[in-house]
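Take a look at the structure set out below.
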Amino acid sequence: QVHLVESGGGSVQSGGSLKLSCAGPQYGRTFNYMAWYRQAPGKEHEAVANIYTSAGRTYYADSVKGRFTISQDAKNTVHLQMNNLKPEDTAMYYCAAECLHVSFAAGTLGCRQFENWGHGILVTVSS
């Protein structure tokens with residue numbers, strides 16, 4: 001497992017914006033997919049956004065479409081721009097990288113299993 005460094009979380013009022021970043025190794029292989037997941041208290045782990053890095057194709061959960069944007073710039077580095085945040089977006093957000101099992105089943109956003117995970121970063125949205 002490789003080390004993924006997440007940054008950018010914090011607290012914001014409803015309607016505000018935050019940008020999360022995730023950086024993997026800047027050497028070696030390039031991850032095929034990178035993604036963001038989240039888990040709110042008492043709720044299941046949820047795929048939020050996914051990017052197929054070689055083609056730049058992106059996939060989003062319905063709950064964030066039109067508000068969140070996943071992007072990549074440097075090697076193995078992705079960002080999640082979150083706009084018009086809502087209290088229900090409050091959760092721990094996790095970066096994931098290198099898809100082991102590609103799937104487009106409901107809720108997977110293109111990947112059923114990732115090899116690498118970050119430690120998580122907290123996003124709190126107050127009403």
Side-chain angles (χ1 to χ4, degrees):
Q1 177 148 349
V2 301
H3 187 50
L4 300 175
V5 179
E6 299 144 324
S7 60
S11 298
V12 67
Q13 289 192 323
S14 183
S17 297
L18 283 173
K19 184 176 181 179
L20 305 182
S21 297
C22 173
Q26 298 301 294
Y27 52 88
R29 63 176 174 171
T30 299
F31 295 135
N32 56 4
Y33 284 85
M34 293 188 74
W36 288 95
Y37 282 70
R38 68 185 180 187
Q39 187 163 23
K43 294 191 176 181
E44 293 187 357
H45 211 213
E46 174 190 22
V48 174
N50 192 346
I51 185 165
Y52 179 43
T53 60
S54 62
R57 283 200 296 269
T58 58
Y59 308 90
Y60 297 94
D62 288 342
S63 57
V64 306
K65 276 181 184 175
R67 301 188 298 121
F68 289 14
T69 302
I70 187 170
S71 62
Q72 57 180 346
D73 47 28
K75 179 184 177 74
N76 294 336
T77 302
V78 293
H79 309 282
L80 185 69
Q81 177 66 47
M82 305 184 293
N83 297 328
N84 190 22
L85 282 160
K86 304 176 181 180
E88 51 264 41
D89 294 318
T90 295
M92 283 293 289
Y93 283 72
Y94 299 88
C95 178
E98 190 64 17
C99 184
L100 298 177
H101 183 178
V102 175
S103 169
F104 289 93
T108 61
L109 300 185
C111 182
R112 183 178 295 280
Q113 182 183 1
F114 278 95
E115 181 179 24
N116 306 291
W117 291 87
H119 293 298
I121 193 164
L122 181 62
V123 170
T124 303
V125 185
S126 57
S127 56

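Closest of all the heavy-atom pairs between Pro87 and Ser14 is CD-OG, 3.8 Å. Closest heavy-atom contact between Lys75 and Thr30: NZ-OG1, 2.7 Å. Contact detail for Arg29 and Asn116: the closest heavy-atom pair is NH2-ND2, 3.8 Å.
Atom CD of Gln26 has more than 12 neighbouring heavy atoms from other residues, nucleotides or ligands inside a 6.0 Å radius.
Residues meeting the salt bridge (Lys or Arg N to Asp or Glu O under 4.0 Å) test with Glu88, sequence neighbours left out: none. With sequence neighbours left out, the ring-ring contact (aromatic ring centres under 6.0 Å, His included) criterion links His119 to no other residue. Residues forming a side-chain contact (heavy atoms from CB on, under 4.5 Å) with Cys99 (at least two apart in sequence, or on another chain): Asn32, Tyr33, Val102, Cys111, Phe114. Take Asp73 and apply the side-chain contact (heavy atoms from CB on, under 4.5 Å) test, not counting sequence neighbours, and it matches Thr77, His79. In this view, Ser17 and Gln81, Asn83 satisfy the side-chain contact (heavy atoms from CB on, under 4.5 Å) rule, not counting sequence neighbours. With sequence neighbours excluded, the residues that form a side-chain contact (heavy atoms from CB on, under 4.5 Å) with Ala105 are Ser103, Thr108, Arg112.
As a member of the Ile/Leu/Val/Met/Phe/Trp/Tyr network built from side-chain separations under 4.5 Å, Val64 groups with Val2, Leu4, Val12, Leu18, Leu20, Phe31, Met34, Trp36, Val48, Ile51, Tyr60, Phe68, Ile70, Val78, Leu80, Met82, Leu85, Tyr93, Ile121, Val123, Val125. Residue Tyr27 shares its hydrophobic cluster (ILVMFWY side chains chained together at separations under 4.5 Å) with no other residue.
Evaluation of the disulfide bond (SG atoms under 2.5 Å apart) test over residues 31-66, restricted to residues two or more places apart or in two chains, returns none. Sequence neighbours left out, the pairs with a member in residues 7-50 that pass disulfide bond (SG atoms under 2.5 Å apart) are Cys22-Cys95. Contacts classified as salt bridge (Lys or Arg N to Asp or Glu O under 4.0 Å) and involving residues 9-20 (residues at least two apart or in different chains) are not found. Here salt bridge (Lys or Arg N to Asp or Glu O under 4.0 Å) pairs that include residues 30-43, with residues two or more places apart or in two chains, are Arg38-Glu46, Arg38-Asp89.
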- Would Gln39 and Tyr37 count as a side-chain contact (heavy atoms from CB on, under 4.5 Å) if you check the C-alpha gap in whole Å, the side-chain angles of each, and the deciding distance to 0.1 Å? CA-CA 7 Å; Gln39 187 163 23; Tyr37 282 70; over 6 Å; no
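Counting only distance, with no hydrogens or angles, the side chain of Arg67 and the backbone of Asn84 share a donor-acceptor pair below 3.5 Å.
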